[in-house]
Student: 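Here you go, one structure.
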Amino acid sequence: MYAIQVRNLSKSFGDKAVLRNFSADFPAGAVTAVMAPSGGGKTTLLRLLMGLETADGGTVEGLEGLRQSAVFQEDRLCENLSAQANLRLVNPSLSAKEAEEALAAVGLAGCGGQRVAEFSGGMRRRVAILRALLARWDVLFLDEPFKGLDAETKALVLSYTRRRCEGRTVLLVTHDPSEAEALGAAQVIHLCHPEL
């Protein structure tokens with residue numbers, strides 16, 4: 001069973017083609033990794049699927065009515081709110097205990113009350129990942145989510161992310177094959193640059 005069917009999707013910016021007649025099926029309840037060199041259209045593909053860009057042609061089916069969550073390349077946190085408050089923005093029913101347990105699971109124990117403006121880049125990245133994971137979602141889009149994390153922290157966050165994504169539909173954009181493997185990707189799609 002496929003959750004998302006993409007057929008002949010194309011997108012250009014000016015005279016530069018980023019995607020040309022891209023087709024793929026993304027299985028329901030599994031992780032799909034999308035890989036390509038820098039500038040290969042990975043982020044554009046996610047933005048098209050999320051409805052943040054309009055395709056020049058092609059169709060996307062299977063996302064209608066589904067709740068989406070995302071980790072973008074930028075953290076997009078509310079600077080003046082605490083880590084806990086940022087998590088509650090997407091899940092108001094999240095208890096303080098649940099928020100603290102999630103923060104502790106990614107190495108941020110005791111940081112829930114601090115404003116994210118005071119956090120380092122790696123700490124902010126982890127809050128951004130948690131915020132997406134703790135939202136109520138049917139499909140999760142991850143755009144280079146683990147960039148900027150040191151090896152030890154990355155392993156911790158990958159482990160937590162895999163547990164939260166078990167049996168769910170996830171699209172992961174990454175340059176790193178080990179991230180796809182760590183999340184148990186059921187399929188890996190390699191985008192080819194349309195100019196080649």
Side-chain angles (χ1 to χ4, degrees), residues 2-13 16-56 58 60-63 66-77 90 106 121-122 124-133 135 137-149 151 153-155 157-162 164-166 168-196:
Y2 291 98
I4 307 164
Q5 299 88 39
V6 177
R7 296 291 178 267
N8 302 313
L9 205 60
S10 296
K11 180 66 178 178
S12 296
F13 295 99
K16 182 185 178 189
V18 180
L19 288 173
R20 184 176 291 148
N21 296 322
F22 171 77
S23 295
D25 293 319
F26 299 91
V31 176
T32 296
V34 178
M35 303 185 71
S38 186
K42 302 182 301 297
T43 294
T44 299
L45 173 62
L46 285 199
R47 290 180 61 81
L48 289 168
L49 295 177
M50 287 187 280
L52 300 175
E53 298 280 356
T54 303
D56 299 330
V60 176
E61 294 181 359
L63 286 169
L66 297 184
R67 298 169 298 182
Q68 301 176 15
S69 187
V71 177
F72 297 92
Q73 289 191 22
E74 317 80 33
D75 296 325
R76 301 188 181 193
L77 299 172
V90 297
V106 296
R124 293 161 61 87
R125 180 97 295 227
R126 283 176 276 171
V127 174
I129 292 167
L130 285 180
R131 186 179 58 184
L133 290 172
W137 53 271
D138 302 307
V139 180
L140 178 65
F141 297 98
L142 301 173
D143 191 358
E144 300 282 1
F146 310 109
K147 68 175 185 177
L149 299 179
T153 302
K154 184 175 174 179
V157 176
L158 276 164
S159 175
Y160 179 80
T161 302
R162 181 167 183 164
R164 295 289 305 188
C165 294
E166 194 71 41
R168 304 179 77 182
T169 306
V170 179
L171 275 67
L172 166 71
V173 157
T174 181
H175 288 97
D176 187 346
S178 70
E179 293 180 1
E181 185 178 345
L183 289 188
Q187 76 174 349
V188 178
I189 295 172
H190 294 273
L191 290 181
C192 297
H193 199 284
E195 301 299 336
L196 299 178

Student: In Å, rounded to the nearest 0.5 Å, how long is the span from CG of Leu183 to CD of Glu166?
Tutor: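 Between Leu183 CG and Glu166 CD, I get 10.5 Å after rounding to 0.5 Å.
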Student: Treating Thr32 as the side-chain partner and Leu171 as the backbone partner, does any N or O pair qualify as donor plus acceptor under 3.5 Å?
Tutor: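 Not a single qualifying donor-acceptor pair exists.
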Student: Of all heavy-atom pairs between Ala55 and Leu9, which one has the smallest distance, and what is that distance?
Tutor: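 Smallest interatomic distance, heavy atoms only, reads CB-CD1, 3.7 Å.
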Student: What is the minimum heavy-atom distance between Gly41 and Leu19, and which atoms define it?
Tutor: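 Shortest heavy-atom contact: O-CD2, 4.2 Å.
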Student: Does the side-chain contact (heavy atoms from CB on, under 4.5 Å) test come out yes or no for Leu52 and Phe72, once each step is laid out?
Tutor: CA-CA 12 Å; Leu52 300 175; Phe72 297 92; 3.7 Å; yes
Student: Going through the distances and angles, do Arg168 and Trp137 end up as a side-chain contact (heavy atoms from CB on, under 4.5 Å)?
Tutor: CA-CA 9 Å; Arg168 304 179 77 182; Trp137 53 271; 3.4 Å; yes
Student: How long is the gap from CD on Glu53 to CG on Leu46, to the nearest 0.5 Å?
Tutor: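 Reported value, rounded in 0.5 Å steps: 11.5 Å.
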Student: For the CG atom of Leu149 and the CD1 atom of Ile129, what is their distance to the nearest 0.5 Å?
Tutor: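 The CD1 atom of Ile129 is 5.5 Å from CG of Leu149, to the nearest 0.5 Å.
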Student: Salt bridge or not for Lys154 and Glu179, using N-O below 4.0 Å?
Tutor: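 Looking at Lys154 and Glu179, the cut-off is met.
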Student: Rounded to the nearest 0.5 Å, what separation is found between the CG atom of Leu133 and the OH atom of Tyr160?
Tutor: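 Answer for the CG-OH pair, Leu133 versus Tyr160, is 6.5 Å.
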Student: When rounded to the nearest 0.5 angstrom, what distance separates OG in Ser69 from CZ in Arg131?
Tutor: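 These two atoms lie 8.5 Å from each other.
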Student: Between Asp75 and Arg126, is there a salt bridge with N-O shorter than 4.0 Å?
Tutor: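 The answer is no: the pair does not qualify as a salt bridge.
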Student: Flag the pair Thr169 / Phe26 as yes when at least one side-chain heavy-atom distance between them is below 4.5 Å, and no otherwise.
Tutor: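 No, too far: nothing below the 4.5 Å cut-off.
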Student: Excluding sequence neighbours, so at least two apart, what forms salt bridge (Lys or Arg N to Asp or Glu O under 4.0 Å) with Arg162?
Tutor: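 With neighbours one apart ignored, the set is empty.
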Student: Which atom pairs, one a donor and one an acceptor, fall under 3.5 Å between side chains of residues 138-147 and the rest of the protein, sequence neighbours left out?
Tutor:
from   : atom 1 : to     : atom 2 : distance (Å)
Asp138 : OD1    : Arg67  : NH2    : 3.2
Asp138 : OD2    : Arg67  : N      : 2.7
Asp138 : OD2    : Arg67  : NE     : 3.3
Asp143 : OD1    : Thr43  : OG1    : 3.2
Asp143 : OD1    : Gln73  : NE2    : 3.2
Asp143 : OD2    : Thr43  : OG1    : 2.9
Glu144 : OE2    : His175 : N      : 3.4
Glu144 : OE2    : His175 : ND1    : 2.5
Lys147 : NZ     : Gln73  : O      : 2.9

Student: Can you find a heavy atom in the side chain of Leu63 that is under 4.5 Å from one in the side chain of Met50?
Tutor: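 Not touching, per the 4.5 Å side-chain cut-off.
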Student: For Ala17 and Ser12, which heavy atoms make the closest approach, and how far apart are they?
Tutor: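 In this case the closest contact between Ala17 and Ser12 is CA-OG, 3.3 Å.
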Student: Kindly determine whether Thr174 and Lys42 satisfy side-chain contact (heavy atoms from CB on, under 4.5 Å), including the steps that lead there.
Tutor: CA-CA 8 Å; Thr174 181; Lys42 302 182 301 297; over 6 Å; no
Student: Any idea which heavy atoms bring Gly40 and Leu191 closest together, and the distance?
Tutor: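 Looks like O-CD1, 3.7 Å.
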Student: What pairs with Ser178 under side-chain hydrogen bond (donor to acceptor under 3.5 Å, both in side chains), at least two apart in sequence or on another chain?
Tutor: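 Checked Ser178 against side-chain hydrogen bond (donor to acceptor under 3.5 Å, both in side chains); matches are Asp176.
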Student: Could you state the interatomic distance from CG (Leu48) to OG1 (Thr54), rounded to the nearest 0.5 Å?
Tutor: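 Output value for this atom pair is 8.0 Å.
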